[in-house]
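Reviewing the structure listed below.
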Number of protein chains: 2
Amino acid sequence: MRIDNTKEKILHVAGLIFSKFGFHKTTVDEIARAAHKAKGSIYYYFRNKEELFQGVVEKEFQTLRSELVASIDKSKNAKEKLANYIIVRMQTIHKLANFYDALKNDYLSYLPFIEKIRAKYDNEEIVLVKSLLTSGVNNNEFEIRDIELTASALLTVLKGLEIPFFINEEYMKLENRMRELISIFIRGIEKR
Amino acid sequence: MRIDNTKEKILHVAGLIFSKFGFHKTTVDEIARAAHKAKGSIYYYFRNKEELFQGVVEKEFQTLRSELVASIDKSKNAKEKLANYIIVRMQTIHKLANFYDALKNDYLSYLPFIEKIRAKYDNEEIVLVKSLLTSGVNNNEFEIRDIELTASALLTVLKGLEIPFFINEEYMKLENRMRELISIFIRGIEKR
DNA sequence: ACCTGACTAAAAAACGAGAAAAGTCAAATT
DNA sequence: AATTTGACTTTTCTCGTTTTTTAGTCAGGT
């Protein structure tokens with residue numbers, strides 16, 4: 001009970017400060033102060049500052065990912081699931097970019113972090129997209145020659161579009177294009 | 001005659017050294033030495049180091065762009081033109097990434113340069129893609145609601161896919177995905 | 001008009017001292 | 001035994017100064 005309380009409190013407080021000042025400008029001391037804990041307590045739960053940051057980012061990832069999965073679950077068919085998946089994914093990235101305001105100013109230095117965390121979820125995501133496409137095929141909505149390849153190709157595109165968010169904040173500009181791309185993509189795989 | 005000789009020689013030599021060491025690690029002194037010219041000669045033709053670099057990159061761009069245009073010209077119909085355009089564009093980027101080896105280690109710091117240079121060609125490229133799509137519509141190959149939006153969307157995707165080349169060198173992996181994307185995309189816009 | 005090389009100004013790198021921050025751990029508390 | 005603390009050590013960062021390197025200049029030569 002108390003165990004979870006301290007750790008969660010640290011993560012929560014750390015999230016607020018990291019998201020505002022970024023990794024480098026945030027000290028472990030100020031996190032400790034804000035959490036009303038001794039610095040040693042933080043090192044009891046997290047091996048180092050990096051692991052704390054990783055914990056914060058993963059926690060945020062989990063939250064946003066639940067929203068993503070939920071949006072798919074309430075879709076009526078595979079086409080809608082796919083469209084919603086892509087839209088909400090973009091919105092998720094947009095939220096993350098806004099949450100981590102400080103990330104924008106120094107994206108490259110955070111890249112190793114981001115890659116490390118996302119590596120955990122990449123396999124999961126490709127499984128998700130594949131199952132999406134498979135159910136579309138099984139429901140006679142889609143006709144796809146190679147589901148694995150199509151899923152990989154789609155994720156490659158989506159990942160390529162992430163960086164503009166972090167660097168340029170061009171969400172509004174990109175959204176219309178995304179919607180057009182979604183409709184072309186779905187038209188390209190739908191059963192005739 | 002002599003005019004063009006010295007300037008071209010400087011550009012050529014600068015291209016070799018910049019491509020190997022990148023902008024920051026290359027000195028104007030060593031370019032001058034390698035070209036067997038005095039440093040003042042370089043400043044006779046180029047206002048500053050940046051303009052020299054820009055000259056080198058533009059020269060390379062021109063060469064690669066001619067190949068791109070040529071590959072389109074020998075295509076039989078709009079579908080083939082579009083597919084070839086995308087494939088050769090990716091190959092072009094791949095070549096550029098290999099040529100500028102040093103860019104890979106520090107891609108984002110070069111981004112302002114690249115953006116400045118490419119701004120000159122962006123309008124041209126969107127015009128090219130739009131004319132491609134338009135001819136497809138006029139030939140009854142494609143049906144597209146909004147050519148401008150579709151062209152923008154496609155270019156957004158293609159630009160997003162450039163970054164893996166510079167960061168990860170995964171050309172072989174990307175190519176298959178690109179081919180699948182091309183066929184889906186064309187299927188998505190072709191007339192039924 | 002083109003080219004040179006000595007020179008200047010600016011930028012970058014190196015350095016050392018001190019401050020700040022990450023991390024440690026014995027002792028205290030629960 | 002698990003959790004927490006706070007004084008302490010080690011590591012990293014910052015800053016001002018000095019030195020070196022580099023970009024750029026320009027009078028003079030061809």
Side-chain angles (χ1 to χ4, degrees), chain A residues 1-58 102-103 105-106 108-113 116-117, chain B residues 1-59 102-103 105-106 108-110 112-113 116-117:
Chain A
M1 196 68 138
R2 183 184 298 196
I3 300 175
D4 289 359
N5 239 356
T6 299
K7 190 176 182 181
E8 287 307 314
K9 185 169 188 157
I10 291 166
L11 279 170
H12 173 71
V13 169
L16 294 178
I17 305 180
F18 277 137
S19 71
K20 186 168 179 186
F21 298 111
F23 180 74
H24 299 297
K25 290 297 173 81
T26 298
T27 66
V28 179
D29 260 330
E30 64 191 312
I31 293 171
R33 265 196 310 273
H36 305 299
K37 298 289 173 183
K39 192 163 52 167
S41 285
I42 295 182
Y43 287 96
Y44 181 80
Y45 293 99
F46 305 95
R47 212 175 67 241
N48 51 40
K49 187 183 178 186
E50 183 178 318
E51 191 173 292
L52 174 58
F53 186 73
Q54 193 165 337
V56 167
V57 175
E58 287 197 357
L103 264 158
N105 299 319
D106 204 11
L108 250 197
S109 75
Y110 290 92
L111 204 53
F113 278 130
K116 198 185 297 179
I117 290 159
Chain B
M1 197 68 132
R2 182 179 301 196
I3 300 175
D4 290 357
N5 239 356
T6 299
K7 190 176 181 181
E8 287 307 315
K9 185 171 187 153
I10 290 167
L11 278 171
H12 173 70
V13 168
L16 295 177
I17 305 179
F18 276 138
S19 71
K20 186 167 178 184
F21 298 111
F23 180 75
H24 300 296
K25 291 296 173 84
T26 299
T27 65
V28 179
D29 260 330
E30 62 191 313
I31 293 171
R33 265 196 311 274
H36 305 298
K37 299 290 174 184
K39 191 160 58 166
S41 286
I42 295 182
Y43 287 96
Y44 181 79
Y45 293 99
F46 304 94
R47 213 173 67 240
N48 52 40
K49 187 181 176 185
E50 183 176 318
E51 191 173 292
L52 174 58
F53 186 73
Q54 193 165 336
V56 168
V57 176
E58 285 198 358
K59 186 161 167 282
L103 264 158
N105 298 318
D106 204 11
L108 283 182
S109 77
Y110 287 91
F113 277 131
K116 196 185 297 178
I117 291 159

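Per chain, numbering begins at 1; letters A, B, ... match sequence-line order.
Among dA22(C), dG5(C), dT5(D), the nucleotide with an atom closest to any side-chain atom of A38(A) is dT5(D). Distances from the side chain of N48(A) to the nucleotides dG23(C), dA21(C), dT5(D) place dG23(C) closest. Each of dG24(D), dC2(C), dT22(D) was ranked by its minimum atom distance to the side chain of Y45(B); first place goes to dC2(C). Here the side chain of V28(B) is nearest to one of dA23(D), dT4(C), dA21(C), namely dA23(D).
Distance, R33(A) CZ to dA21(C) P: 9 Å, rounded to whole Å. In this entry the distance linking NZ of K25(B) with P of dA12(C) reads 13 Å, nearest Å. When the P atom of dC3(C) is taken as reference, atom CZ of F46(B) falls 12 Å away, rounded to whole Å. With rounding to whole Å, I10(B) atom CD1 is found 14 Å from dG24(D) atom P. What separates OH of Y44(A) from P of dA26(C) is a distance of 16 Å, to the nearest Å. The separation between I31(B) atom CD1 and dT22(D) atom P is 12 Å, rounded to whole Å. Look at CG on D29(A): it is 16 Å from P on dC13(D), rounded to the nearest Å. Straight-line distance from the CZ atom of F18(A) to the C1' atom of dA22(C): 12 Å, rounded to whole Å.
Between N48(A) and Y43(A) the shortest heavy-atom distance is CA-CE2, 4.0 Å.
To the nearest 0.5 angstrom, F18(A) atom CZ is 14.0 Å from K25(A) atom NZ.
Ring geometry, F53(B) versus F23(B): the interplanar angle exceeds 60°, so the pair is classed perpendicular (tilted spans 30 to 60°).
Side chain of K59(B) to backbone of E8(B): no donor-acceptor contact under 3.5 angstrom is found.
With a 4.5 Å cut-off on side-chain heavy atoms, Y45(A) and L11(A) do not count as touching. The side-chain heavy atoms of N5(B) and K9(B), taken from C-beta on, include no pair separated by under 4.5 Å.
OP1 and OP2 of dT3(D) both lie 4.0 Å or more from every side-chain N or O belonging to T6(A).
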Throw together a table of side-chain donor-acceptor distances under 3.5 angstrom for residues 28-37 of chain B, partners on residues two or more places apart or in other chains.
{"from": "E30(B)", "atom 1": "OE2", "to": "T27(B)", "atom 2": "N", "distance (Å)": "2.8"}
{"from": "E30(B)", "atom 1": "OE2", "to": "T27(B)", "atom 2": "OG1", "distance (Å)": "3.2"}

How would you summarise protein contacts on nucleotides 25-30 of chain D per nucleotide, using B for base, S for sugar-phosphate only and - for none, with heavy-atom distances below 4.0 Å? BB----
